[in-house]
Every structure is written in C-alpha cells, then in structure tokens.
Number of protein chains: 2
Amino acid sequence: MEMISSVKCFGGEQRVYRHASTSTGTDMEFAVFLPREALDGFVCPTLFYLSGLTCTWENVMTKGFPQMHAAEHGMIFVAPDTSPRGEDVANDEGYELGQGAGFYLNATQQPWAQHYRMEDYITKELPALLLESLPVDEDAIGITGHSMGGHGALTLAIKNPNLFHSVSAFAPIVNPMDCPWGEKAFAAYLGEDEGQRALYDACALIKEHGWEGDILVDQGMADSFLEEQLKPWAFEAACREAEVDLTLRLQGGYDHSYYFISTFLADHMAWHAARLD
Amino acid sequence: MEMISSVKCFGGEQRVYRHASTSTGTDMEFAVFLPREALDGFVCPTLFYLSGLTCTWENVMTKGFPQMHAAEHGMIFVAPDTSPRGEDVANDEGYELGQGAGFYLNATQQPWAQHYRMEDYITKELPALLLESLPVDEDAIGITGHSMGGHGALTLAIKNPNLFHSVSAFAPIVNPMDCPWGEKAFAAYLGEDEGQRALYDACALIKEHGWEGDILVDQGMADSFLEEQLKPWAFEAACREAEVDLTLRLQGGYDHSYYFISTFLADHMAWHAARLD
C-alpha cells in the first residue's frame with residue numbers, strides 16, 4: 001500500500017493510497033481522512049462512503065466536505081473508487097456500465113467477471129487492509145453512499161451486518177432490478193438469473209435479511225433521477241414489510257448533486273457517530 | 001443580469017449570474033449564495049470572496065464550502081471571476097498573467113488596458129449591481145480572498161473603507177512589488193511607474209492609509225509559495241509600522257490548497273459576521 005498524497009486539513013490528514021488489489025486484479029486507489037485522534041494512534045470509528053456513477057474517491061473528498069465532520073467526531077472517513085480501472089479492464093461507452101460504474105457487485109458474466117469484483121473488494125479486501133495498517137475500530141465501522149454508492153452501502157450492509165454496524169444513504173438506487181440503470185448493469189454483469197440479481201437489490205435483500213438497527217435515507221425532491229431510477233418509496237414499502245426502522249427524509253427542492261450531499265452529510269456523520277459510539 | 005444556474009443547498013440557493021460588464025467590456029460571471037433570510041427578502045450582511053490565480057467563481061463554491069457557514073450566519077456570499085475572459089481579451093501563456101490572473105487592478109498598459117479593469121469591476125460595478133438586485137446590506141459588506149485574491153481583498157478594502165467594512169485573507173500576496181508573480185503582472189499591467197504599482201501593494205497601502213478595524217490573515221506554513229511569493233512577515237511589519245491591528249495566524253502543516261482554505265473558512269466567516277453585525 002503506497003501513499004501517493006497527504007494533505008493536512010481540519011487538524012487531521014487526508015491521504016490517498018494506491019495498492020495492487022487481489023480482488024479486482026488491478027491497482028486500486030482510495031482516499032482516507034484521518035482525524036487527529038487517529039494520527040495519535042487511537043482506534044477510531046470509521047465510515048465508508050461509496051460514490052456514484054462516474055465518480056472516484058475525489059468527488060466526495062473535494063465537494064462533499066466530510067473532513068470537518070470527521071474531525072469533529074474523531075472519525076476516520078474512507079472513500080474507495082467505484083470500479084476497477086485500466087486499459088485491460090472491460091468497459092462500455094455508457095456512463096452506467098463499466099469503469100466508474102462497478103455497482104459494488106461480483107460480476108459473473110464475461111467480459112466483466114475477471115476484474116469487476118467490487119463486492120469482495122469493499123467487504124473483504126479493503127477492510128482487512130485498513131485494519132492492518134490504520135487505527136480503524138473493527139467494531140465501529142459504518143457505511144454510506146450516494147446513488148449507485150447508496151445502493152452499494154445498503155446492499156453490502158444488509159448482507160454483512162457483522163462488518164457494517166450502521167448504514168445510511170443519499171439518493172440511493174434501491175431497486176436496481178426495476179430501473180434502467182440497474183437493468184442495463186445487471187444484464188451485463190450478472191446475466192438473466194433473477195436469483196443472482198436479487199443478491200444485489202436492496203428492496204429484495206431487506207425483505208430477506210432485515211436489519212437490526214435503523215436506517216437513514218435522504219432524497220432530494222428536485223432530483224432529476226427520482227421517478228425513473230431512484231424510487232425511494234419502493235424501499236420504504238420493503239422496510240415497512242420487513243419491519244425495519246427506516247427514516248426516509250424527502251428533502252424539498254434539493255437535486256442529485258454534491259450540493260445536496262454536502263448539505264446533509266453533517267447529519268449522516270453525526271448519526272453514524274452516535275450509532276458507532 | 002441573467003441567472004444561468006440555481007441550486008438549493010443549506011436551506012438557501014447558490015446562483016450563478018452572467019452580465020455584460022461596462023468595466024471590462026466583456027461578459028462576466030459570478031456566483032452568489034443566498035441564505036434563507038435573503039430569499040425571504042431580508043437585507044443581509046455580505047462577504048465578497050476574491051479567488052486566486054487560474055480560478056473562477058467555481059473553485060471556492062465547490063471546494064471552499066462557504067455555503068454552510070453563510071447559512072449559519074445568514075450571510076450572502078459573493079464569488080466573482082478573477083479576470084475578464086474571451087477570445088478578444090488579451091492573454092499570456094503564463095498562468096500568472098492575463099485571463100485568470102487579473103490581479104484586481106485597472107491596467108494602464110496595452111494590450112491590457114482595454115479589458116483588465118477589475119478594480120472598477122469589484123469596487124464599483126459589482127456592488128452597484130448587487131445592491132440593485134439582491135438584498136445586500138450596504139452597510140455590512142466584508143471582503144476576503146485567497147492568494148492573488150487575498151491581495152485583492154487587502155488592497156481594495158484599504159482603498160475603500162466606506163465600501164468594505166471588514167477584511168481578511170488566506171495566504172495573500174501582500175507585497176506584489178517585491179515578488180515574482182507581482183513583478184511580472186505589474187510590469188505588464190502597470191508598466192514601470194512605481195507610483196502606479198504602489199496603488200496595488202498591500203504593504204505600501206497600509207502604511208499610507210492604515211485601517212481602522214482589525215485584519216485577520218491565515219497562512220499555511222507548508223505552503224510551497226510561502227518564501228518566494230507570499231512573505232506574510234512583510235505585511236506584519238507594515239501593519240506594525242502603521243499601528244494596524246493584524247492577527248496573523250501561521251498554521252503549521254497547511255499548504256496553499258482549498259483543504260487549507262476550507263479548514264479555516266468557518267473562522268473567517270464568523271469573524272466577518274461579528275464585525276458586520
């Protein structure tokens with residue numbers, strides 16, 4: 001694991017690391033903010049943030065403004081990439097498939113199956129790497145994300161409650177089996193098997209597995225993807241059916257951008273901090 | 001004045017406007033954050049933020065994170081561009097002269113004098129335009145800025161104490177008559193006349209005009225431009241000589257980036273809010 005940059009902010013350090021990933025078979029980069037407490041060697045609660053389509057670690061670290069809140073809560077903040085990348089990695093002309101659009105799953109279909117193993121990367125390799133090298137508190141890891149990353153946060157938390165102890169999301173794709181983004185991506189990565197697809201659909205998963213804690217979701221009502229792609233009411237209905245304690249905040253006037261995320265990220269980080277305490 | 005975008009954040013609105021500028025003879029764009037109070041029509045204290053070399057309004061609005069603090073203080077935040085722009089506008093291959101590098105002055109030399117009239121734009125045209133169209137409190141306008149924009153904030157405030165009632169800066173160019181950035185720009189824009197140059201040098205101006213209030217300057221000590229370009233101790237000495245109340249905070253470990261600015265912008269905005277109250 002090679003540190004490729006480090007910059008001081010809010011009394012802590014934002015670092016970017018690169019490492020050869022055994023999950024994806026490519027080099028992967030991620031960013032991490034370490035609050036002062038972590039630099040002093042104390043184990044800290046840690047929040048994973050999964051980004052949306054087209055993003056890298058950079059979007060949230062430059063436009064989401066997590067550092068101030070992470071410093072306030074003494075929390076480590078981790079921003080992975082959204083897919084494997086490279087000339088030898090399969091890709092697609094659309095922004096919703098291929099590089100920048102890994103959907104946090106393990107692909108079963110060619111030409112994707114070789115490198116697109118983001119589920120393994122986020123739930124196994126990256127936590128192990130972090131626990132080995134940074135003062136992450138193993139019993140206090142939460143996860144959140146935006147759009148495709150909200151899908152990733154919800155699905156990976158529901159399937160891994162022993163790894164992720166709190167979960168929230170911003171404008172998540174909650175029902176990829178039934179929206180254009182998800183249909184295209186799942187057809188390519190997972191093929192036609194409905195059972196495979198249901199392993200990566202938050203609505204299906206919450207009904208099967210439930211969730212012991214509560215869940216926080218923020219959704220902007222001026223989000224241009226609301227009706228066709230995001231449909232948070234599908235997750236609301238699924239949580240009601242599964243008797244899961246969901247707080248769904250439909251925020252009037254907010255769009256899908258980082259202006260929406262930065263507005264409410266302080267709430268999410270305080271919410272995770274309280275649950276990881 | 002045409003509104004070309006508007007997005008909701010922190011309960012307010014971030015807007016971008018375009019207008020034909022009589023000062024520069026070009027179209028100019030600026031961004032403004034309006035807190036909820038301004039949207040409700042109440043006049044609000046207002047902070048101008050002048051950006052550094054190569055920047056537009058966009059850098060601080062996406063990476064500086066002023067919106068949260070502006071919402072907290074019920075403050076309007078205005079981010080102008082750093083120069084006139086366009087195919088017909090003189091330019092230079094270097095990043096420190098020409099488009100993106102207006103130095104907030106009125107150029108006297110060709111080919112710059114026609115369009116490079118940023119002093120008039122920031123101190124006359126833009127305030128008039130804002131006062132006419134937005135609920136800016138004329139008696140509660142402050143100014144801050146970064147690097148070249150810190151130079152702009154200091155010089156324009158010192159020369160216009162009836163317009164700008166509070167001033168602060170991040171890593172400002174304080175003595176452009178005696179640093180490579182300033183020497184190149186001033187030679188082009190202002191020629192060899194030392195008197196002209198002194199009209200745009202914060203160290204010279206503070207000794208001539210003084211400043212009735214106090215001044216806040218933050219400077220990162222890991223800033224790669226510290227020794228050659230910024231030299232805050234020159235301004236410290238000038239303020240001491242002029243008996244001006246300067247708070248100069250030399251921040252260990254911080255660089256010249258927006259990670260530095262965003263770390264301390266909350267302090268500056270609270271500081272301006274207290275003085276504009």
Side-chain angles (χ1 to χ4, degrees), chain A residues 5-16 31-36 39 55 57-72 77 79 170-171 218-224 226 249-270, chain B residues 5-16 31-36 39 55 57-72 77 79 170-171 218-224 226 249-270:
Chain A
S5 73
S6 174
V7 58
K8 186 169 180 180
C9 56
F10 291 96
E13 271 183 47
Q14 176 178 305
R15 298 179 184 170
V16 178
V32 60
F33 174 80
L34 299 171
R36 189 187 306 266
L39 298 175
C55 292
W57 60 262
E58 194 172 1
N59 303 68
V60 70
M61 298 310 264
T62 55
K63 300 196 291 187
F65 208 63
Q67 299 89 349
M68 178 181 178
H69 318 306
E72 181 186 340
F77 186 90
F170 297 85
D218 271 307
Q219 172 64 57
M221 293 307 280
D223 186 325
S224 56
L226 179 64
R249 309 194 302 187
L250 303 173
Q251 304 282 9
Y254 288 89
D255 68 8
H256 200 66
S257 73
Y258 268 89
Y259 292 114
F260 158 66
I261 297 169
S262 64
T263 298
F264 298 107
L265 188 53
D267 287 357
H268 283 244
M269 293 182 72
Chain B
S5 74
S6 173
V7 58
K8 186 169 179 180
C9 55
F10 291 95
E13 272 182 47
Q14 176 179 307
R15 298 178 184 170
V16 179
V32 59
F33 174 80
L34 299 170
R36 189 188 305 266
L39 297 175
C55 292
W57 59 263
E58 195 172 0
N59 304 68
V60 70
M61 297 311 264
T62 56
K63 300 196 292 187
F65 209 63
Q67 299 90 349
M68 179 181 178
H69 317 306
E72 182 188 338
F77 186 91
F170 298 85
D218 271 308
Q219 173 64 57
M221 293 308 281
D223 186 325
S224 56
L226 178 64
R249 307 194 304 187
L250 302 174
Q251 305 282 9
Y254 288 89
D255 68 9
H256 200 66
S257 73
Y258 268 90
Y259 293 112
F260 158 65
I261 298 169
S262 64
T263 298
F264 298 107
L265 188 53
D267 287 357
H268 283 244
M269 293 182 71

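Here is how names work: the chains are called A, B, and so on, in the same order as the sequence lines, proteins then strands, and each is numbered from 1. Values below: all heavy atoms of this structure, side chains included; hydrogens, waters and symmetry mates excluded. Worth saying up front: this structure is predicted, and the values here are computed from it rather than measured.
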*Identify, with sequence neighbours excluded, every residue that meets ring pair (Phe, Tyr, Trp, His ring centres under 6.0 Å) alongside B/Tyr259.*
none
*Between atom CZ of B/Phe10 and atom CZ of A/Phe260, what is the distance when rounded to the nearest 0.5 Å?*
11.5 Å
*Where on A/Gln251 is there a heavy atom nearer than 4.5 Å to chain B: the side chain, the backbone, both, or neither?*
neither
*Between NZ on residue A/Lys8 and OG on residue B/Ser257, distance to nearest 0.5 Å*: 12.5 Å
*Report the C-alpha separation of B/Val7 and A/Asp255 in whole Å, then their side-chain angles, then the decisive distance to 0.1 Å, and conclude whether the side chain to side chain contact (heavy atoms under 4.5 Å, CB included) test is met.*
CA-CA 7 Å; B/Val7 58; A/Asp255 68 8; 3.2 Å; yes
*Hey, can you tell me if B/Phe65 and A/His69 have their rings parallel, tilted or perpendicular (30° and 60° cut-offs)?*
perpendicular
*asked:* I'd like to verify something: which residue of A/Ala222, A/Gly253, A/Gly64 has the highest number of heavy-atom pairs under 4.5 Å with chain B?
replied: A/Gly253
*With sequence neighbours left out, write down each residue that passes side-chain hydrogen bond (donor to acceptor under 3.5 Å, both in side chains) with A/Asp223, or none if nothing qualifies.*
A/Gln219, A/His256
*Mark yes when over 12 heavy atoms from residues, nucleotides or ligands other than A/Arg36 sit less than 6.0 Å from its CZ; otherwise mark no.*
no
*With chain B, which of A/Gln14, A/Glu13, A/Met68 has the greatest number of heavy-atom pairs at distances under 4.5 Å?*
A/Gln14
*Report the distance from atom SG of B/Cys9 to atom CD1 of A/Ile261, rounding to the nearest 0.5 Å.*
12.0 Å
